[in-house]
Amino acid sequence: MVRVAHIHMSGCTGCLISLADTYEKLLDILGAVDLVYALTLADEKTEITETDDKILIERKIPEDIDIALVEGSVCLDDHHSVEDILTTRKNSKIVVALGACAASGGVTRFARGGQMSQPAHSAFVPIGDVIKVDLALPGCPPSTESIVNLIMAALNGDMDYLEPFAEIAKYGKDACGCDVIKNVIDQSLCMGCGTCAAACQVKAIDMIEGKPNIMTEFCIKCGICGAQCPRVRFPELVQKIE
Ligand code: SF4
Ligand code: SF4
């Protein structure tokens with residue numbers, strides 16, 4: 001049975017809730033996989049080490065994970081987080097950046113530290129800045145259907161379906177509303193369909209005279225507008241076309 005793990009980094013659990021929203025499909029998925037690690041849903045093997053001055057409780061990320069669904073970004077100022085993401089990569093065949101924070105940093109891109117009780121925690125990056133990511137699914141959160149479809153495609157080895165998510169894993173780490181400007185509008189590819197505006201979950205895109213107007217001050221860098229645009233081109237692909 002395929003061994004699946006949900007790894008919670010600096011995220012809000014909204015991606016897992018979006019997956020749980022599938023109800024009966026979630027039961028199908030849980031019936032088809034061995035959920036080997038998911039701190040929100042299951043108790044984990046813990047190791048307790050007692051030293052002179054403290055008790056250390058460690059929850060072990062298991063070895064031999066087939067698919068790791070990683071939610072949240074990595075705080076570079078938290079060595080536990082950095083160790084967790086490195087261990088996840090080492091132990092997993094396929095690493096999926098699930099949701100905006102893991103894929104592109106999302107709202108955590110705006111973190112600047114200075115808050116109690118860890119004012120030094122100021123640098124949050126997408127997991128692809130620390131490890132190689134195989135598939136990335138943007139969105140804040142990604143839709144229920146898109147998570148289910150991606151998991152089912154990964155379980156079935158449907159590489160045609162997964163190919164765009166592999167592309168986003170390669171090129172989407174700096175996602176923001178600027179993507180549709182840089183990769184679509186500035187390439188004369190925009191056909192004014194309005195998909196990007198409909199996809200934006202914070203309404204940072206207005207259609208003005210048939211073209212998207214990005215209000216960057218509202219953009220939370222989730223990357224879904226660029227991912228859903230039917231005319232999107234990543235820079236490397238544009239160069240190939242030329
Ligand atoms: S413009 Fe909207 S959809 Fe696009 S990255 Fe920003 S928040 Fe996400
Ligand atoms: S989704 Fe793409 S093609 Fe459609 S309006 Fe937005 S940028 Fe233009």
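Just follow the structure's listing: the first ligand is 1, and inside any ligand the first atom is 1. Any value given below was found using the heavy atoms of this structure, including those in side chains, with hydrogens, waters and symmetry copies removed.
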**OP:** If you have a sec, work out which protein heavy atom is nearest atom 4 (Fe) of ligand 1 and how many Å separate them, to one decimal?
**Re:** Cys225 SG, 2.3 Å
**OP:** Report the nearest protein non-hydrogen atom to atom 2 (Fe) of ligand 1: residue, atom name, distance rounded to 0.1 Å.
**Re:** Cys200 SG, 2.3 Å
Subject >> Heavy-atom side-chain proximity of Arg112 to Ser122 below 4.5 angstrom >> reply: no
Subject >> Note: Asp64-Arg3 ion pair, threshold 4.0 Å (strictly below) >> reply: no
**OP:** Identify the protein heavy atom lying closest to atom 6 (Fe) of ligand 1, giving its residue, its atom name and the separation to 0.1 Å.
**Re:** Cys219 SG, 2.4 Å
Original post:
Do any N or O atoms from the side chain of Ser146 and from the backbone of Pro142 form a donor-acceptor pair under 3.5 angstrom?
Top reply: no
Original post:
Are a donor atom and an acceptor atom from the side chains of His8 and Thr13 found within less than 3.5 Å of each other?
Top reply: yes
Subject >> Closest approach of Cys222 to Pro138 (non-hydrogen atoms, all atoms of both residues) >> reply: O-CB, 3.4 Å
Original post:
With backbone taken as N, CA, C and O and side chain as the heavy atoms from C-beta onward, which portion of Ile220 lies under 4.0 Å from ligand 1: side chain, backbone, both, or neither?
Top reply: both
Subject >> Exam field: side chain Glu71 to backbone Cys15, donor-acceptor pair closer than 3.5 Å >> reply: yes
Subject >> Atom pair OG (Ser143) and CG (Leu19), whose distance is rounded to the nearest 0.5 Å >> reply: 11.0 Å
**OP:** Have a look at Met152 and tell me which of Asp158, Asp28, Ile147, Ile29 forms a side-chain contact (heavy atoms from CB on, under 4.5 Å) with it.
**Re:** Ile29
**OP:** Heavy-atom contacts with Ile224 under 4.0 Å: which atoms of ligand 1 show up? List them by number with element.
**Re:** 3 (S)
Original post:
So if you build clusters from Ile, Leu, Val, Met, Phe, Trp, Tyr with side-chain heavy-atom gaps below 4.5 Å, do Met159 and Leu137 land together?
Top reply: yes
Subject >> Sole residue of Asp134, Val70, Ile127, Asp84 in side-chain contact (heavy atoms from CB on, under 4.5 Å) with Arg89 >> reply: Asp134
Original post:
To the nearest 0.1 Å, how far is atom 8 (Fe) of ligand 1 from its closest protein heavy atom, and which atom is that?
Top reply: Cys222 SG, 2.4 Å
Subject >> Closest to atom 1 (S) of ligand 1 (judged by heavy-atom distance), picking from Cys176, Gly177, Gly139 >> reply: Gly177
Original post:
Listing residue and atom name, which protein N/O/S atoms are closer to atom 8 (Fe) of ligand 2 than 2.8 Å?
Top reply: Cys190 SG
Original post:
Is there a donor-acceptor contact under 3.5 Å from the side chain of Ser18 to the main chain of Pro141?
Top reply: no
**OP:** Could you tell me which atoms of ligand 2, counted from 1 in the order shown, lie closer than 4.0 angstrom to a heavy atom of Pro230?
**Re:** 1 (S)
Original post:
Which atoms of ligand 1 are found less than 4.0 Å from any heavy atom of Val202?
Top reply: 7 (S)
Subject >> Numbered atoms of ligand 1 (with element) below 4.0 Å of Ile205, judged on heavy atoms >> reply: 1 (S)
Subject >> Protein contact of atom 5 (S) of ligand 1 - nearest heavy atom, named by residue and atom, plus distance >> reply: Gly223 N, 3.2 Å
